[in-house]
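Letters A, B, ... mirror the listed sequences (proteins, then strands); counts begin at 1.
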Amino acid sequence: MSENAVKPRVRFAPSPTGYLHVGGARTALFNWLFARHTGGTFILRIEDTDFERSSEEMVEGILDGMSWLGLNWDEGPFYQSKRLDLYRATAEKLLASGHAYRCFCTKEELEQRRAEATAAGRQPMYDRRCRTLSEETAKQRVAAGEMSALRFAVPEQGTTFFDDAVFGRIEFANAELEDFVLLRSDGIPTYHLSVVADDVDMRLTHIIRGADHLSNTPKQVLQYRALGAELPVFAHVPLILGPDKTRLSKRHGATSVLAYKDLGIVPEAFRNFLSLLGWSPEGDNKNREIFSSQEVTSLFSLSGISKSNAVFGNEKLAWYNQEYIRNYSAEMLLPLVEQEWVKAGIWPERPREELLSTLDLLKARARNLTDFAIAFRAYFSDEYEIDPTAAAKFLKDTQVRALLVELASRYMNATEFTEQSAETILRAFAEEKQVKPGLLINGARVALTGQAVAPSLFTVMMALGHQRVVKRLTAAEQIAVPA
RNA sequence: GGCGCCAUGGUGUAAUUGGUUAACACGCCGCCCUCUCAAGGCGGAGAGUUCGGGUUCGAUCCCCGAUGGCGCUACCA
């Protein structure tokens, strides 16, 4: 970076008309990564100029989602609803310089003309009829109390282009661009005005946003020019699609990132997954999948962003999640798991050391954090369900259940209770009763954990402790087995 | 409809910016391990790079066209 190069300033500018969805989260992440990589500034701006659809709850949700993902911002959150003066001043400037004009057409008139144009096979663009109104006429009509919106006067000739950091040069014929509304008749700015006014005012150097804004960009470029402002670097990020390759929406299941939190996804795993959706590192790191946040930060660059839309695949996310859980230390896992216990109403009153070693035992086969409160509930609570399928598979035989009860008394009378001794006792007992050890082992697993799936039985016994093992095996005969 | 963008196995991405048996990961299948399930180890199927032209000694890569997908087309953002 040269001497006088300014530090990058980027922003994430969600609209609180919906949750923080996966696509928005990825955009936020890329902005954050870019800012952190370059030592720049990451700004959060809430675009709430659509009063009808914006809500305070949505803002909360977005903020929560950001913090869940660990995306901290340096400035803001700024609310556009509180910066209306800036937009009006900007609009005033555009009007004064002849780049904008008042439009007295009503919404109804416009709709009607649009319908007519479409019916006649013409393009439904605004016909610019107010553009030729003289300044005096406009002033008179305003003075007479007529409502008016402010429109940008798009040049009728020529082309407008910009060089996108991801897509390269994008060019539009000005004739294709409509004289878009800057200020609604109620004085509230539209998106087109407020983005530019803010992006200029906040001295943003790079605009990293979804590719759905690609077509809007020339309208913004025109405003930058009109305002005599320097153009930022635009970097449009391809969109994230659902498995059916249509735009991600509610019907694809989890749409809010917070829904993934509820599903027991580890934020770090989610971030890792998200960062590799539409971006890939350069150099020797191409074939890696697991990156720490620090690594992604140091590797991130706009040039690694791909151009094509990506499908959000749940399987890969599940793999990441499992991978992170498995590789976390029990100490790192514990606070995350505790949240799940709280949700499930479990308060394991056991020494921290025991909890940690049990987490170590279980983490290899957890897929979600919720597993620790649901599938693995028996390890942390004495109130647990017996999985009917598991019972049907391994405890159907009443003989087996009777044997487990008998085995319980062997354990009760045992002088020592170690992994080795527990195994020795069981195997000796099996031989004595002329049954396969596996029969007892699998049955005991279900009785002890309620599940057909668990770590090695004797390790599980140690995790549960002598007393619980005896108690649960003794109760084996009472377990209800579906037919 | 108009305009814009994109196009590598089912999915996410690679391929020294024209020279590879088109690579890696997820997923899938099989085997090993084994008290179950994960994990792990080993092996396998799956794309000739959407299609058609061109340029070139040679195209995943460059050009043109078609097709498909996505986006924009509001006094939404």
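In this structure, A/Phe180 has its ring center under 6.0 Å from that of A/His192. Aromatic ring centres of A/Trp279 and A/Phe300 lie closer together than 6.0 Å.
B/C70 atom P lies 11 Å from atom CG of A/Leu239, rounded to whole Å. At whole-Å resolution of the value, CD1 in A/Ile188 and P in B/A77 are 10 Å apart. A/Asn314 places its CG atom 15 Å from the P atom of B/U11, with the value rounded to the nearest Å. Protein atom CG of A/Asp284 is 14 Å distant from nucleotide atom C1' of B/A15, rounded to whole Å. The distance between atom CG of A/Leu248 and atom P of B/U11, rounded to the nearest whole Å, is 15 Å. Spacing between atom CG of A/Leu241 and atom C1' of B/U13 amounts to 15 Å, rounded to whole angstrom units. In this structure, A/Arg113 places its CZ atom 14 Å from P of B/A74, rounding to the nearest Å. Put simply, OH on A/Tyr126 is 17 Å from C1' on B/U73, counting in whole angstrom units.
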### Task
Go through the steps to decide whether A/Glu289 and A/Lys316 satisfy the test salt bridge (Lys or Arg N to Asp or Glu O under 4.0 Å), and finish with yes or no.
CA-CA 10 Å; A/Glu289 306 292 328; A/Lys316 189 79 174 260; 3.3 Å; yes
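Comparing B/A38, B/G2, B/U13 by their closest approach to the side chain of A/Ala310 singles out B/U13. Among the nucleotides B/C37, B/U11, B/U13, the one closest to any side-chain atom of A/Lys245 is B/U11. Of the listed nucleotides (B/U36, B/C75, B/C3), B/U36 has the atom at the smallest distance from the side chain of A/Asn442. Side chain of A/Phe172, nearest nucleotide from B/C3, B/C35, B/G40: B/C3. The side chain of A/Pro124 sits closest to B/G1 out of B/C75, B/G1, B/U36. Of the candidate nucleotides B/A38, B/C70, B/G12, B/G12 has the atom lying nearest to any side-chain atom of A/Glu289. When the nucleotides B/A77, B/G1, B/C3 are ranked by their closest atom to the side chain of A/Arg53, B/A77 comes out on top. Side-chain atoms of A/Leu110 lie closest to B/C75 of the nucleotides B/A77, B/C75, B/C72. Considering only the side chain of A/Ile170, B/G4 comes nearest among B/A39, B/G4, B/C75. If you check B/C26, B/C75, B/G12 against the side chain of A/Glu315, the one that comes closest is B/C26.
At B/C75, one or more side-chain N or O atoms of A/Arg114 fall inside 4.0 Å of OP1 or OP2 (strictly under the cut-off). For A/Gln123, no side-chain nitrogen or oxygen approaches OP1 or OP2 of B/C3 to under 4.0 Å. Taking only side-chain nitrogens and oxygens, A/Ser280 comes nearer than 4.0 Å to OP1 or OP2 of B/A14. An OP1 or OP2 oxygen of B/U13 is reached within less than 4.0 angstrom by no side-chain nitrogen or oxygen of A/Arg288. For A/Thr118, no side-chain nitrogen or oxygen approaches OP1 or OP2 of B/G1 to under 4.0 Å. Taking only side-chain nitrogens and oxygens, A/Lys363 never comes nearer than 4.0 Å to OP1 or OP2 of B/A39. Remark: A/Arg247 is in phosphate contact with B/C72, judged by side-chain N or O atoms under 4.0 Å from OP1 or OP2. Phosphate proximity of B/C35 to A/Lys436: absent, as no side-chain N or O sits under 4.0 Å from OP1 or OP2.
A/Pro238 comes within contact range of no nucleotide atom at all, as no heavy-atom separation falls under 4.0 Å. Contacts of A/Gly278 with the nucleic acid, taken as non-hydrogen atoms under 4.0 Å apart, involve only primed sugar atoms and P, OP1 or OP2. Here A/Ser15 lies in heavy-atom contact (under 4.0 Å) with sugar-phosphate atoms only. Counting any heavy atom pair closer than 4.0 Å across all strands shown, A/Thr49 reaches sugar-phosphate atoms only and no base atom. At the heavy-atom level, A/Cys103 lies nowhere under 4.0 Å from the strands shown.
No donor-acceptor pair closer than 3.5 Å links the side chain of A/Ser54 to the backbone N or O of A/Phe51. One N or O on the side chain of A/Arg271 and one on the backbone of A/Leu69 form a donor-acceptor pair closer than 3.5 Å.
Taking atom C1' in both B/U50 and B/U56, one finds a spacing of 23 Å when rounded to whole Å. Taking the P atom of each, B/C63 and B/C6 are spaced 11 Å apart, rounded to whole Å. Atom name C1', nucleotides B/G19 and B/C28: the rounded distance is 34 Å, in whole Å. Rounded to whole Å, the separation between the P atoms of B/G46 and B/C29 comes to 16 Å. Here, B/G1 and B/C62 have their P atoms 28 Å apart, quoted to the whole Å. Here the separation of B/C26 from B/C33, taken at their P atoms, is 23 Å to the nearest Å. A distance of about 22 Å separates the P atoms of B/A22 and B/U13, rounded to the whole Å. A gap of 27 Å separates the P atoms of B/U11 and B/U17, to the nearest Å.
Counted by atom type alone, A/Arg209 and A/Thr217 present one or more donor-acceptor pairs between their side chains at under 3.5 Å. Side-chain contact check for A/Thr370 and A/Asn368: no donor-acceptor pair (N or O, by modelled atom type) lies under 3.5 Å.
Residues A/Gln322 and A/Lys316 both approach RNA chain B. Their nearest nucleotides, taken by heavy-atom distance, put A/Lys316 toward the 5′ side. With RNA chain B read from its 5' end, the first of the two nearest nucleotides for A/Trp319 and A/Arg427 is the one closest to A/Trp319.
Taking only distance into account, the side chain of A/Asn216 meets the base of B/A77 through a donor-acceptor pair shorter than 3.5 Å. One can find a donor-acceptor pair under 3.5 Å joining the base of B/C75 and the side-chain atoms of A/Ser185.
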### Task
Can you run through RNA chain B from 5' to 3' and write each base as (, ), [, ], | or . depending on how it pairs? Watson-Crick or G-U wobble, both distances under 3.5 Å.
(((((((..((((.....[...)))).(((((.......))))).....(((((..]....))))))))))))....
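Heavy-atom contacts from other residues, nucleotides or ligands closer than 6.0 Å to CD of A/Glu431 number 12 or fewer. No more than 12 heavy atoms of other residues, nucleotides or ligands sit less than 6.0 Å from atom CD of A/Glu385.
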Could you list the donor-acceptor pairs under 3.5 angstrom formed by side chains in residues 162-173 of chain A, with sequence neighbours left out?
unit_1	atom_1	unit_2	atom_2	d
A/Asp163	OD1	A/Arg169	NE	2.9
A/Asp163	OD2	A/Arg169	NH2	3.2
A/Asp164	OD1	A/Val166	N	2.8
A/Asp164	OD1	A/Phe167	N	2.9
A/Asp164	OD1	A/His236	N	3.3
A/Asp164	OD2	A/His236	N	3.3
A/Asp164	OD2	A/His236	ND1	2.6
A/Glu171	OE2	A/Thr159	OG1	3.3

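Anti is the conformation of B/G43, whose glycosidic angle sits further than 90° from 0.
A cation-pi arrangement is present between A/Arg83 and A/Phe78 under the rule of less than 6.0 angstrom and at most 45 degrees off the ring axis.
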